[in-house]
Amino acid sequence: MRHTQREEHFFAGRWNGDPDRLRLTEGVLLRWFPPEMLHRLRLSASTRDLVLRHASQRTARLGHGLQADPQDTPEQGACLATADAQAEATVPGPRTGGVPRLAVPADASEIARLRSELILSEPLDEDWLVICRDHLAARLVPGGDARAYVVDAPEGGLAACALALIDAVLPAPRYPKGLAARIQAVATVPGCRRRGYAKAALTALLAHLEGDGVTLYELHASDDSAPLYAALGFKSDPALMRMTRTPSPVRAPAHGTT
């Protein structure tokens, strides 16, 4: 009879100390798994749904400015105990030192600012920044159509971000769930470049979108960013075309006319 080692996972809602490399007992380790990586673990459907639901609820809580329990981790990942001590960790530990995390609605202001200052040809004025912030915050909530990963700057604010908006398309063999994503923004502040932050944030974002069932991805690449996107699997498509149509301004009636 051939014995197959079985890996089991247990979800922990709170803990004391640093569980990054804590050995609970022989053959049992605690590891961090962010929500975007859960689909790669051998979890039952019910366990995966439970963990994702808990992570989404915590994300929503923190995004609205509520304070987390002091015994909880400030990160958005799930802490799982795995019974396979020899398995290699597939994700990083607590998100410090440039490790990306899932964005919450409270990050919308910084993401909008980075997009305005570092991506758009003409930076937005304060009124448009507020509009973008409010739109994005409403779309970053659980169940919304925006996904983003960010890297926190040591001095506060964000060092980098990667933002995608999910669109619905008609299902096809290559798009079985009928989901597409447009990568709306990938940016790193000048003082934090050449540290791999943008690649790390975008890689985490693509993994999350893959777990959501997205199979079609589109983006606009500058000459400087094209090598990064190509390394992650993006290809140029000369068939793509773009058009912007803006409503004509309404003219005031001439004096003396009706």
Side-chain angles (χ1 to χ4, degrees), residues 34-37 76 91-92 95-105 107-125 128-129 131-133 135-137 139-140 144-167 169 174-175 179-244:
E36 71 275 11
M37 299 299 295
Q76 305 310 307
V91 294
R95 293 173 179 79
T96 57
V99 180
R101 62 173 174 81
L102 182 64
V104 296
D107 295 310
S109 179
E110 275 289 281
I111 295 173
R113 182 185 65 82
L114 292 183
R115 173 176 173 265
S116 173
E117 295 180 358
L118 304 176
I119 297 177
L120 299 183
S121 57
E122 294 183 8
L124 302 175
D125 60 27
W128 276 108
L129 280 174
I131 292 173
C132 287
R133 178 200 66 192
H135 271 256
L136 181 56
R139 300 168 78 171
L140 282 173
D145 65 346
R147 306 286 186 275
Y149 276 78
V150 297
V151 175
D152 294 305
E155 65 277 8
L158 297 182
C161 69
L163 166 68
L165 302 178
I166 299 177
D167 294 320
V169 297
R174 297 178 65 181
Y175 324 120
L179 293 177
R182 176 174 177 80
I183 309 302
Q184 187 77 14
V186 179
T188 305
V189 298
C192 295
R193 290 175 180 168
R194 300 190 180 279
R195 302 181 188 180
Y197 289 173
K199 183 177 181 179
L202 182 55
T203 300
L205 175 62
L206 294 176
H208 191 129
L209 293 170
E210 179 187 353
D212 286 339
V214 175
T215 53
L216 175 62
Y217 304 86
E218 296 180 349
L219 56 76
H220 177 78
S222 65
D223 292 339
D224 292 337
S225 61
L228 166 62
Y229 301 138
L232 293 174
F234 287 88
K235 297 180 180 179
S236 298
D237 187 345
L240 291 177
M241 302 179 71
R242 185 179 185 183
M243 177 176 66
T244 301

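Everything numeric here is computed off the predicted structure, so don't read it as measured data.
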- Item | Backbone of R194 reached by a side-chain donor or acceptor of Y197 within 3.5 Å | no
- Message: Using modelled atom types and a 3.5 Å cut-off, is there a donor and acceptor pairing between side-chain atoms of S116 and backbone atoms of L124?
- Response: yes
- Task: Find out whether F234 and L206 are in side-chain contact, i.e. whether some heavy atom of one side chain is under 4.5 Å from a heavy atom of the other.
- Result: yes
- Message: Using side-chain heavy atoms (C-beta onward) and a distance below 4.5 Å, is L179 in contact with L216?
- Response: no
- Query: Heavy atoms, side chains only, cut-off 4.5 Å: are R174 and T215 in contact?
  - Reply: no
- Task: Could you please spell out the steps behind the side-chain contact (heavy atoms from CB on, under 4.5 Å) verdict for V99 and V151?
- Result: CA-CA 6 Å; V99 180; V151 175; over 6 Å; no
- When you check the gap from the basic side-chain N to the acidic O, do R182 and D145 get nearer than 4.0 Å? no
- D167: partners by side chain to side chain donor-acceptor pair (under 3.5 Å), with sequence neighbours left out: none
- V150 and A103 have their tightest heavy-atom pair at CG1-CB, 4.0 Å
- Query: With a 4.5 Å heavy-atom cut-off, do L232 and T203 have their side chains touching?
  - Reply: yes
- Using a 4.5 Å cut-off on heavy atoms from C-beta on, say whether the side chain of L209 contacts that of I166. yes
- Message: So L129 and E117, do their side chains get closer than 4.5 Å, heavy atoms only?
- Response: no
- Message: I need the minimum non-hydrogen distance between A148 and L205, along with the two atoms involved.
- Response: N-CD1, 4.1 Å
- Query: Would H208 and Y149 count as a side-chain contact (heavy atoms from CB on, under 4.5 Å) if you check the C-alpha gap in whole Å, the side-chain angles of each, and the deciding distance to 0.1 Å?
  - Reply: CA-CA 9 Å; H208 191 129; Y149 276 78; 2.8 Å; yes
- Task: Start with the C-alpha gap between L114 and I119, add the side-chain angles, then the distance that decides, and say whether side-chain contact (heavy atoms from CB on, under 4.5 Å) holds.
- Result: CA-CA 7 Å; L114 292 183; I119 297 177; over 6 Å; no
- Query: Quick one: side chain to side chain contact (heavy atoms under 4.5 Å, CB included) partners of S109, sequence neighbours excluded?
  - Reply: R133
- Query: Looking only at heavy atoms, which two atoms of C192 and A159 are closest? And how far apart?
  - Reply: SG-CB, 3.7 Å
- Any chance you could lay out the side-chain contact (heavy atoms from CB on, under 4.5 Å) test for D107 and R101, step after step, and finish with the verdict? CA-CA 11 Å; D107 295 310; R101 62 173 174 81; 2.8 Å; yes
- Looking at CG of L102 and CZ of R147, how far apart are the two atoms once the value is rounded to the nearest 0.5 Å? 8.5 Å
- Closest heavy-atom pair and its distance - A198, A160: N-CB, 4.4 Å
- Task: Report the residues that fulfil side chain to side chain contact (heavy atoms under 4.5 Å, CB included) with P238, sequence neighbours left out, ordered by chain and then residue number.
- Result: none
- Note on the structure: Across all chains, not counting sequence neighbours, the side chain to side chain donor-acceptor pair (under 3.5 Å) partners of E110 are R113
- Counterpart residues, side chain to side chain contact (heavy atoms under 4.5 Å, CB included), relative to A146 (two or more places apart): L136, R139, L140, L163, L165
- Message: Please find the pair of heavy atoms, one from A137 and one from A108, that lie closest to each other, and give the distance.
- Response: N-CB, 3.6 Å
- Which heavy atom of P100 sits nearest a heavy atom of A204, and at what distance? CG-CB, 4.2 Å
- side chain to side chain donor-acceptor pair (under 3.5 Å) contacts touching residues 223-241 (sequence neighbours left out): S222-S225
